[in-house]
Participant: 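Please find one structure pasted underneath; my questions will follow.
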Amino acid sequence: MSNKNSTPAEPINIVGGGPKKVLYTLKTVARIGLLNSAKALNSKNTCKACGLGMGGQRGGMTNEKDEFPSVCNKSIQAQSTDIQLPIPEDLFTHTLDDFKQLSAYEIEHLGRLNTPLFKSADGNKYAPVSWEFALDKMTRAFTAADPSRSFFYSSGRSSNEAGFVLQLLARLYGTNNVNNCSYYCHQATGVGLYNVIGTGTATVSLEDVGNCDCIFVIGANPSSNHPRFVHQLKNCRERGGQVIIINPAKEPGLVRFAVPKSAKSMLSGGTWIASEYVQPKIGSDLALFKGIAKALLETQQIDAHFISQHTENFLQFKQDIETTEWKSITTLCDISKEKILSLADAYAKSERAIFAWGMGITHHHHGVENVEAIANLALLRGMLGKPAAGLLPLRGHSNVQGIGTMGVKPVLAEDVLLQLEQHTGAQLPRTPGMDTLACLSAAYEGKIDAALIMGGNLFSATPNSQWAQAALDKVPFKVYLTTTLNQGHVTGMETSEALILPVTARDEEWQPTTQESMFNYVRLSDGGIDRLHNVKPEVEILCEFGKRLLPNSALDFQKFKQHDSIRAAIAATIPGLSELKDIAHTKQEFTIANRLLDNPVFNTHNGKAQFQINTLPAAMINDEYPFLLASIRSEGQFNSIIYEENDSYRGTDTRWSILMNKEDIEDLDIHVGDAVNIKSPQGEMHAVKVFAFDVPRGNVMAYYPEANVLISTTHDPRSKTPAFKSVPVQIEKTR
């Protein structure tokens, strides 16, 4: 029950983008300096933010369509992290306990790392050390370890060159425990798409997006995470196309967005983005997708010729859809049959539809099934294998897809392994490697002795925070390659040794590097900006480490310090990348061969796409845990990096927040602004501030990584992706 003196439980009405973001950008530019900002943003280096990609040889604010300015708030934020003064070495007289008192925002903004740091197993401080000490220490630690009891990890920040050297070094050392951050984000996409079409990446280009007449945006919030994609959505609406949003949360920036590069959009108070906005309950997307498929079949709005000529398993798929009752579908997703029929009709009117999705699809126990179901919908109307139609996973970090392409994963195709062996003259291990979560599970069991972690924040990225801290601390020796400190550098090493090695940012590299966008487009970054005096490129560190760790290796690590040599090896061993060999000289950026699908010939055993049959998931909530929570990112963060403590798009002023349906707030006899405790089987969050938001009843949201304490390590069995967005919880008012 509410009273007239309490804050009303009404969601705040906000338009995404707009003058506030312009002013924020100006403020950030002022803080880091106009000359620094201009140099960073105009240099020929690839954007450091999301996988949409821009920059490279066309210039820092231009994309592959030569659109200028292609820049956004996230680009500015990413640059602001790198354009910081060095952390004063006197700061390291403080203990880890002192650093742990800092918020994620505060620790990320201490400055840039400019010296190697070492923490002993029985110490509680980092101490600056020399590069020689650091390289010798890591060499001795990995020499003493059994390769099977080690793991190597990379975020999506690193270059293709560094990723290739990392995975090759690990395999020459003797382990396939090589993994990357995609296991925590889009691995379900790779598995699901491979099952349907034989390839795991986007089937469309940025140019295709500019020519389609319908875009589905599913389980994603590009207004916060891929702002420049919203410009593409705006363009689709303005040319008469449809933008269909499927998301449990009514995100303001997907309803209306004032696009800063569009005067018309700014002056009008914002462009209407969504032509349809549908809010299924958290975790029920599969039911909605089956409902749309059922509607298309019942109204005979399918492409029968495409299905008969270019697909398999349709009859089995059709039978499964027909035997799935409408009541089961509508009860699970809480979307009416009439609404689902109208969605199917809207889709049927399109001639060139693109399906885009994010981690709202992959972060579930059935993430692979979700992706397969999206691909099924594309197959039903022949929206694969033709221009301006297809599938578009919205990747997070700027080179996360490239890191996977480079082989930073536990399983490589046999033909790639054979090519690597031929190129290096060495025998590589065939023992199956462990994925990211499996490596940490092994660590928790005391079965990992050494780890090399390149970029990212593995602690904050991992579910079940207390478990993650214990798992990492049980690794006796860890070495981190990073540009700045984060909470993962001061948590999870209480009784273990750790080295932190400061590395160059992308635009500071000593030699050109390459990156791959979510459109399979490879860009060349010149590097060359000089900011700090004691940092080294990742390739330089890895190759020097390789020389010392494997002195008798058939691979010449000294030669590999030259990026041209690495790119020649990549071109000779990784399919579709022959053009990479001479890119530093030709300056010709390119799309990886055989990825985009302009013709309906698929990379399957018979060239046909494979319909997949999926079972509806069981309801997860119960009387003890009656709410389902999804962890979310704010407008003021990128992955685990926090740039702002508030979320200007959702109207929250603290990250220690829970966003709830206004009727649920009233039924619990609490008010907006009250403090509540959130409890799951894994952990608790205490005194969390309540905000009203437009989400379905029974669904709540809390910010990542703070909410990781509530999230279990249970995961999708096929992709190994943790279920960050389907967490049963209970909520009670603090006493």
Side-chain angles (χ1 to χ4, degrees), residues 138-156 158 162-185 187 190-191 400 403-414 416-417 420-421 424 426-459 461-463 467-468 470-481 488 492-493 496-499 538 541-542 545-546 549-550 553 555 713 715 717-722:
M138 61 193 290
T139 300
R140 286 189 283 113
F142 276 85
T143 299
D146 184 325
S148 68
R149 293 174 60 90
S150 70
F151 75 82
F152 294 71
Y153 170 91
S154 177
S155 78
S158 300
F164 186 80
V165 174
L166 179 76
Q167 65 91 9
L168 191 53
L169 168 63
R171 291 185 164 92
L172 290 168
Y173 173 57
T175 184
N176 283 318
N177 294 339
V178 183
N179 45 72
N180 68 67
C181 56
S182 70
Y183 277 91
Y184 286 169
C185 53
Q187 184 65 15
V191 175
V400 64
I403 289 295
T405 297
M406 292 302 106
V408 186
K409 50 191 175 184
V411 179
L412 286 182
E414 183 63 22
V416 174
L417 279 169
L420 286 172
E421 288 178 335
T424 62
Q427 181 71 37
L428 300 180
R430 294 302 196 275
T431 304
M434 293 187 288
D435 61 82
T436 305
L437 194 59
C439 284
L440 286 172
S441 295
Y444 188 79
E445 296 170 3
K447 297 178 180 178
I448 297 292
D449 296 327
L452 191 156
I453 300 167
M454 188 165 73
N457 183 346
L458 188 53
F459 164 71
T462 299
W467 178 89
L472 285 164
D473 193 33
K474 288 181 180 180
V475 180
F477 178 82
K478 296 174 289 294
V479 57
Y480 295 88
L481 280 63
M493 52 194 61
S496 51
E497 286 188 322
L499 267 177
E538 289 164 335
I541 298 167
L542 293 172
F545 176 45
L549 179 65
L550 305 169
S553 172
L555 183 70
T713 56
H715 52 272
R718 291 198 281 171
S719 69
K720 315 303 181 186
T721 302

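FYI, the numbering just counts along the sequence from 1.
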Participant: Does some side-chain heavy atom of T436 sit less than 4.5 Å from a side-chain heavy atom of T462?
Facilitator: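 Not in contact.
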Participant: Can you list, pair by pair, the side-chain donor-acceptor contacts under 3.5 Å of residues 438-445, counting residues two or more places apart and other chains?
Facilitator:
residue : atom : partner : partner atom : Å
S441    : OG   : L437    : O            : 3.0
E445    : OE1  : K447    : NZ           : 3.2

Participant: Looking only at heavy atoms, what is the nearest atom pair of G407 and Q167, with distance?
Facilitator: O-CB, 3.4 Å
Participant: Determine, stepwise, if the pair F545 / Y173 fulfils ring-ring contact (aromatic ring centres under 6.0 Å, His included).
Facilitator: CA-CA 11 Å; F545 176 45; Y173 173 57; 7.7 Å; no
Participant: Any non-hydrogen side-chain atom of M454 less than 4.5 Å from a side-chain atom of V408?
Facilitator: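 Side chain of M454 against side chain of V408, heavy atoms only: no contact under 4.5 Å found.
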Participant: Closest approach of K478 and L472, non-hydrogen atoms and distance?
Facilitator: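 Shortest heavy-atom contact: NZ-O, 2.9 Å.
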Participant: So, using side-chain contact (heavy atoms from CB on, under 4.5 Å) as the criterion, who are the partners of P476 when residues are at least two apart?
Facilitator: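 Partners of P476 under the side-chain contact (heavy atoms from CB on, under 4.5 Å) test: D449.
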Participant: Heavy atoms, side chains only, cut-off 4.5 Å: are M434 and I448 in contact?
Facilitator: yes
Participant: Considering the options L549, L499, T143, which one meets the side chain to side chain contact (heavy atoms under 4.5 Å, CB included) requirement together with M138?
Facilitator: L499
Participant: Counting C-beta onward and ignoring hydrogens, is there a side-chain heavy-atom pair between N176 and L412 closer than 4.5 Å?
Facilitator: no
Participant: Would you say S154 and N180 are linked by a side-chain donor-acceptor pair, where the criterion is simply a distance under 3.5 Å?
Facilitator: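 There is no such pair (donor and acceptor under 3.5 Å, judged by atom type) between the side chains of N180 and S154.
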Participant: Is I403 close to L166 at the side-chain level, that is, under 4.5 Å between some pair of heavy atoms?
Facilitator: no
Participant: Taking it one step at a time, do L550 and F142 satisfy side-chain contact (heavy atoms from CB on, under 4.5 Å)?
Facilitator: CA-CA 10 Å; L550 305 169; F142 276 85; over 6 Å; no
Participant: Ignoring hydrogens, what is the shortest heavy-atom contact between F459 and A468? Give both atom names and the distance.
Facilitator: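 So the two residues come closest at CD1-CB, 4.1 Å.
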Participant: Rounded to the nearest 0.5 Å, what separation is found between the CD1 atom of I541 and the CG atom of L481?
Facilitator: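 Taking CD1 in I541 and CG in L481, the distance rounds to 4.5 Å.
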Participant: With P410 as reference, evaluate Y183, F151, F152 under the side chain to side chain contact (heavy atoms under 4.5 Å, CB included) test and give the passing residue.
Facilitator: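 Going through the options one by one, the only one that passes is Y183.
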Participant: Looking at every non-hydrogen atom in both residues, tell me the closest pair between H715 and K720 and how far apart they are.
Facilitator: CD2-CA, 3.7 Å
Participant: Compare every heavy atom of C181 with every heavy atom of G156, then report the nearest pair and how far apart it is.
Facilitator: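 Result for this residue pair: N-SG, 3.4 Å.
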Participant: Just to verify, what does N177 make a side chain to side chain donor-acceptor pair (under 3.5 Å) with, not counting sequence neighbours?
Facilitator: T175
Participant: At their closest point, which heavy atom of S553 faces which heavy atom of L172, and how far apart are they?
Facilitator: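 Distance-wise, the nearest heavy atoms are OG-CD1, 4.0 Å.
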Participant: Is a side-chain donor or acceptor of R430 paired with a backbone partner of L428 at a separation under 3.5 angstrom?
Facilitator: yes
